[in-house]
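Excluded from the calculations below are hydrogen atoms, water molecules and symmetry mates; all remaining heavy atoms, backbone and side chain alike, are included. A, B, ... follow the sequence lines: proteins, then strands. Residue 1 opens every chain.
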Amino acid sequence: MAVERKRWQREFGDWFHQVIWESGLMDYRYPVKGCGVWLPYGFKLRNNVLNLMRRLLDETGHEETLFPLMITSDMVKKEAIHVKSFEDQLFWVTKAGDRKLDEELALRPTSETAIYPMMQLWIRSHADLPKRVYQVVNTFRYETKATRPLIRVREISTFKEAHTFHATFEEAERQVEEAVRIYSQFFDSLAIPYVVSKRPEWDKFPGALYSIAYDTVLPDGKVLQIGTVHNLAQNFSKAFDITFENAEGLREYVWQTCYGISERVIAALIAVHGDDKGLILPPGVAPIQAVVIPIPYKSKEAAVTEKSREIKKVLEKAGVRVWLDERDKLTPGSKFYEWELKGVPLRIEIGPRDLEFRNLTLVRRDTMEKFQVPEEEAASRVLETFSEIQSSLSRKASEWLRQRIHQAGNPEEAVALFREKQGIVEVGWCSKERCGLTWEEETGLQVLGIAWGETSLNGGVCPICGEKVGRVLRLGKPY
RNA sequence: GGGGUGGUGGUCCAGCAUGGUCUACGAUUCCCGGCUCGGGCCCGGGAGGUCGGGAGUUCAAAUCUCCCCCACCCCA
């Protein structure tokens with residue numbers, strides 16, 4: 001029962017689509033393009049992931065809110081640069097029944113235009129600051145490229161966005177650092193590896209001063225953006241007229257940040273940890289952390305059933321999300337396959353042999369390693385195994401990403417490296433936009449940005465202009 | 001934006017070249033019953049289809065022609 005990742009890597013697109021549906025996460029047969037149904041199992045996973053996020057935000061002074069889905073055309077037009085980037089993708093509500101609406105309404109493509117006009121009413125004085133809100137909502141964008149479950153959709157069903165408001169630029173800068181800390185902790189808890197890059201000027205969030213993004217690499221070697229943090233400076237507060245009175249009695253525009261994470265994090269969770277058998281979910285967020293499978297034999301059915309129920313209770317008491325699979329029409333083997341597909345981190349087999357020796361047979365989903373533990377140590381050994389699985393998943397995924405980050409000295413080298421190994425190519429950059437764009441042209445890759453929070457690079461010259469190199473520039477092929 | 005491949009019970013698919021033998025193959029899934037049970041066992045019985053949509057050619061279309069829709073892949 002070895003762990004294999006052939007199909008996972010070679011036919012990632014098919015694998016991904018199939019696993020999402022067969023494991024019971026989502027059904028994408030819904031008749032509207034780019035929209036899918038979260039099935040009960042997927043919905044539970046989604047909630048566990050979101051609750052992790054909620055805990056992190058609640059602990060750090062954020063408050064959850066819920067703003068309306070529809071925005072007016074006036075609201076849409078407030079911030080010119082921001083609007084322009086989304087206007088081709090807006091869904092419009094133009095009629096009620098057969099009556100044309102006097103004022104057409106748009107479905108939010110993101111919620112700046114819904115939230116900021118209200119903030120203009122709520123923020124009056126420096127005592128109201130800082131203010132941090134977040135919400136988890138659906139947003140709509142008319143994607144024209146091919147849609148892909150969880151990755152490129154028309155209804156983003158799960159968009160967690162935080163918006164913060166501050167009295168000074170420095171405070172907004174500190175909030176950006178805080179957001180990066182929060183997101184890093186979040187992805188670490190999910191064992192999803194990432195690189196953090198400052199997006200180049202030509203690819204930042206429209207309206208932002210600058211944008212920071214979290215990227216990971218999927219099995220096909222393409223880069224998936226899984227989170228973003230933006231310093232908006234006063235660009236939006238000026239457009240939406242969000243001002244406050246400072247301690248000296250003067251009116252100032254607020255300084256803002258915003259940061260978001262979408263269901264792409266679930267896509268990453270699935271893709272990064274999976275194998276040819278299906279999902280592998282980290283115990284921290286798995287809807288079912290352990291499944292008990294009774295192995296009935298001859299006349300011992302009653303004893304096996306009784307023991308299985310007893311173990312289930314013991315584990316539940318210890319706080320384990322456990323499921324007892326008592327379906328008697330299926331053989332244990334077919335149950336094994338099913339729960340492996342669904343990514344349950346730990347399987348517990350209880351059969352005549354275990355009864356005889358007062359053991360439990362445990363099988364780890366991530367390594368398929370099989371071992372016995374004494375029955376009376378059930379709870380402690382199960383919990384211990386969860387933390388081993390968690391750290392093993394982190395280690396494996398980080399190592400996998402590390403092997404897909406390469407260093408190149410010139411465009412030819414970058415192209416060769418990418419062709420052979422995909423992933424991310426790092427090169428030295430002189431910080432000039434023209435040279436950055438040349439890197440893109442000559443490699444056919446896209447600039448992800450410069451490494452965030454790392455000291456500048458010394459030595460070497462830009463192979464394009466010959467000037468001194470000061471930054472690490474990352475290139476890749478994004479989704 | 002450019003190119004390619006495909007759409008047939010819930011799922012995966014055969015059939016299409018050479019229209020008729022299609023009352024549409026097979027597997028899986030689902031329901032009923034039996035036998036089993038430490039890796040998808042097996043045996044009976046049953047359910048499930050606007051052949052993506054529309055128009056056309058024809059005595060006759062899943063099969064040929066045209067238009068449309070949708071999905072997936074590759075390239076910009």
Side-chain angles (χ1 to χ4, degrees), chain A residues 1-4 7 9-37 39 88-89 142-154 218-222 275-278 291-305 307-308 311 324-342 344 346-365 367-373 415 418-419 422 437 440-447 477-479:
Chain A
M1 294 298 120
V3 179
E4 292 205 328
R7 194 167 127 75
Q9 187 158 7
R10 282 205 283 263
E11 300 163 45
F12 174 68
D14 288 340
W15 177 91
F16 187 69
H17 213 274
Q18 202 178 339
V19 162
I20 284 175
W21 143 242
E22 288 183 348
S23 66
L25 294 180
M26 295 196 87
D27 195 334
Y28 263 90
R29 291 173 302 175
Y30 192 73
V32 178
K33 182 181 166 73
C35 301
V37 179
L39 299 170
D88 291 343
Q89 296 190 306
Y142 191 84
E143 292 288 352
T144 51
K145 289 184 181 184
T147 59
R148 195 186 258 275
L150 296 172
I151 290 176
R152 177 167 282 111
V153 289
R154 287 186 174 170
L218 296 194
D220 58 1
K222 285 204 228 167
D275 69 11
D276 287 356
K277 289 172 181 291
V291 62
V292 177
I293 301 189
I295 314 289
Y297 189 74
K298 295 268 155 64
S299 55
K300 302 222 175 88
E301 288 97 334
V304 166
T305 300
K307 183 57 69 184
S308 300
I311 293 298
L324 171 57
D325 190 347
E326 292 201 75
R327 292 173 298 175
D328 62 0
K329 287 262 152 69
L330 298 177
T331 61
S334 64
K335 292 179 185 176
F336 297 167
Y337 279 96
E338 187 175 329
W339 294 110
E340 282 161 9
L341 174 61
K342 292 171 96 69
V344 174
L346 190 67
R347 176 170 86 228
I348 301 171
E349 298 175 19
I350 301 177
R353 283 211 296 276
D354 302 295
L355 290 186
E356 192 183 334
F357 300 106
R358 296 184 56 79
N359 272 342
L360 303 177
T361 299
L362 270 48
V363 182
R364 275 172 65 159
R365 172 64 183 88
T367 56
M368 297 307 293
E369 186 190 343
K370 191 172 193 166
F371 55 100
Q372 269 74 34
V373 304
V415 168
F418 186 81
R419 191 181 304 133
Q422 288 82 45
L437 292 171
E440 289 192 340
E441 276 165 35
E442 297 204 354
T443 59
L445 300 174
Q446 196 169 313
V447 166
K477 200 166 187 178
Y479 265 97

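Atom name C1', nucleotides B:G4 and B:C12: the rounded distance is 23 Å, in whole Å. Between the P atoms of B:A17 and B:U63, the separation comes to 10 Å (whole Å). Of the C1' atoms belonging to B:U5 and B:G52, the separation is 16 Å, rounded to the nearest Å. Taking atom C1' in both B:A61 and B:G3, the straight-line distance is 30 Å, to the nearest Å. For B:A62 and B:A24, the P atoms lie 11 Å apart once the distance is rounded to whole Å. Rounded to a whole angstrom, the distance from the C1' atom of B:G7 to that of B:G49 is 14 Å. Look at the C1' atom in both B:G48 and B:U18: the space between them is 33 Å, to the nearest Å. On the C1' atoms, B:A14 is 13 Å away from B:C51, given to the nearest whole Å.
The distance between atom CG of A:D328 and atom C1' of B:G34, rounded to the nearest whole Å, is 13 Å. Between the NZ atom of A:K335 and the P atom of B:G38 there is a distance of 11 Å, given to the nearest Å. For the pair A:Q18 CD and B:A71 P, the computed distance is 19 Å after rounding to whole Å. Across the protein-nucleic acid pair, A:D325 atom CG and B:G38 atom P stand 14 Å apart, rounded to whole Å. Taking atom CD of residue A:E340 and atom C1' of nucleotide B:G38, one finds them 13 Å apart after rounding to whole Å. Separating the CG atom of A:L330 from the C1' atom of B:U29 is a distance of 12 Å, rounded to the nearest angstrom. Separating the NZ atom of A:K307 from the P atom of B:G38 is a distance of 21 Å, rounded to the nearest angstrom. The separation between A:E369 atom CD and B:G39 atom P is 18 Å, rounded to whole Å.
At most 12 heavy atoms of other shown residues, nucleotides or ligands fall within 6.0 angstrom of atom OH in A:Y30.
Distances shorter than 4.0 Å separate some side-chain N or O of A:T331 from OP1 or OP2 on B:C41. A:R148 has no side-chain polar atom (N or O) that falls below the 4.0 Å cut-off from OP1 or OP2 of B:C72. Not one side-chain nitrogen or oxygen of A:R347 sits closer than 4.0 Å to the OP1 or OP2 atom of B:G39. Using a 4.0 Å cut-off, some side-chain N or O of A:K33 falls inside it from OP1 or OP2 of B:A71.
Using a 4.0 Å cut-off between charged nitrogen and carboxylate oxygen, A:K342 and A:E340 do not count as a salt-bridge pair.
No donor-acceptor distance shorter than 3.5 angstrom exists from the side chain of A:D275 to the backbone of A:V3, with no hydrogens or angles considered.
When Watson-Crick and G-U wobble pairs are counted only if both distances are under 3.5 Å, B:A71 pairs with B:U5. Taking a pair to require two hydrogen-bonding distances under 3.5 Å in either a Watson-Crick or a G-U wobble arrangement, B:C42 pairs with B:G34. The partner of B:A62, taking Watson-Crick or G-U wobble pairs whose two distances both stay under 3.5 Å, does not exist in any strand shown.
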Exercise. Can A:E301 and A:V304 be said to form a side-chain contact (heavy atoms from CB on, under 4.5 Å), step by step?
Worked result: CA-CA 5 Å; A:E301 288 97 334; A:V304 166; 5.9 Å; no
For this session: Begin from the C-alpha positions of A:L346 and A:L362 and carry the test side-chain contact (heavy atoms from CB on, under 4.5 Å) through to its verdict.
Result: CA-CA 7 Å; A:L346 190 67; A:L362 270 48; 4.2 Å; yes
For this session: Decide yes or no on side-chain contact (heavy atoms from CB on, under 4.5 Å) for A:L445 and A:E440, but give the supporting numbers first.
Result: CA-CA 5 Å; A:L445 300 174; A:E440 289 192 340; over 6 Å; no
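Counting non-hydrogen atoms under 4.0 angstrom, A:P294 reaches nothing in the nucleic acid. A:D354 comes within 4.0 angstrom of a base, heavy atoms only.
Judged by closest nucleotide on RNA chain B, A:P352 is the one of A:P352 and A:G444 placed further toward the 5' end. Mapping A:K477 and A:Q372 onto RNA chain B by nearest heavy atom places A:Q372 closer to the 5' end of the strand.
Nearest nucleotide to the A:S334 side chain, out of B:C72, B:G38, B:C41: B:C41. The listed nucleotides are B:G10, B:G39, B:C75; the one nearest the side chain of A:W21 is B:G10. The side chain of A:E349 has B:G38 as its nearest neighbour among B:G38, B:A71, B:G10. The A:K277 side chain lies nearest to B:G39 when the options are B:C37, B:G39, B:G10. Comparing B:C72, B:G10, B:C37 by their nearest atom to the side chain of A:E301 picks out B:C37. In the set B:G10, B:G38, B:A71, B:A71 carries the atom at the smallest distance from any side-chain atom of A:T147. Ranking B:C72, B:G38, B:G39 by closeness to the A:Y337 side chain, first place goes to B:G39.
Relative to the six-membered ring of A:Y479, A:R152 misses at least one condition, a distance below 6.0 Å or an angle of at most 45° to the axis.
The CD atom of A:E349 sits 5.0 Å away from the CD1 atom of A:I295 when rounded to the nearest 0.5 Å.
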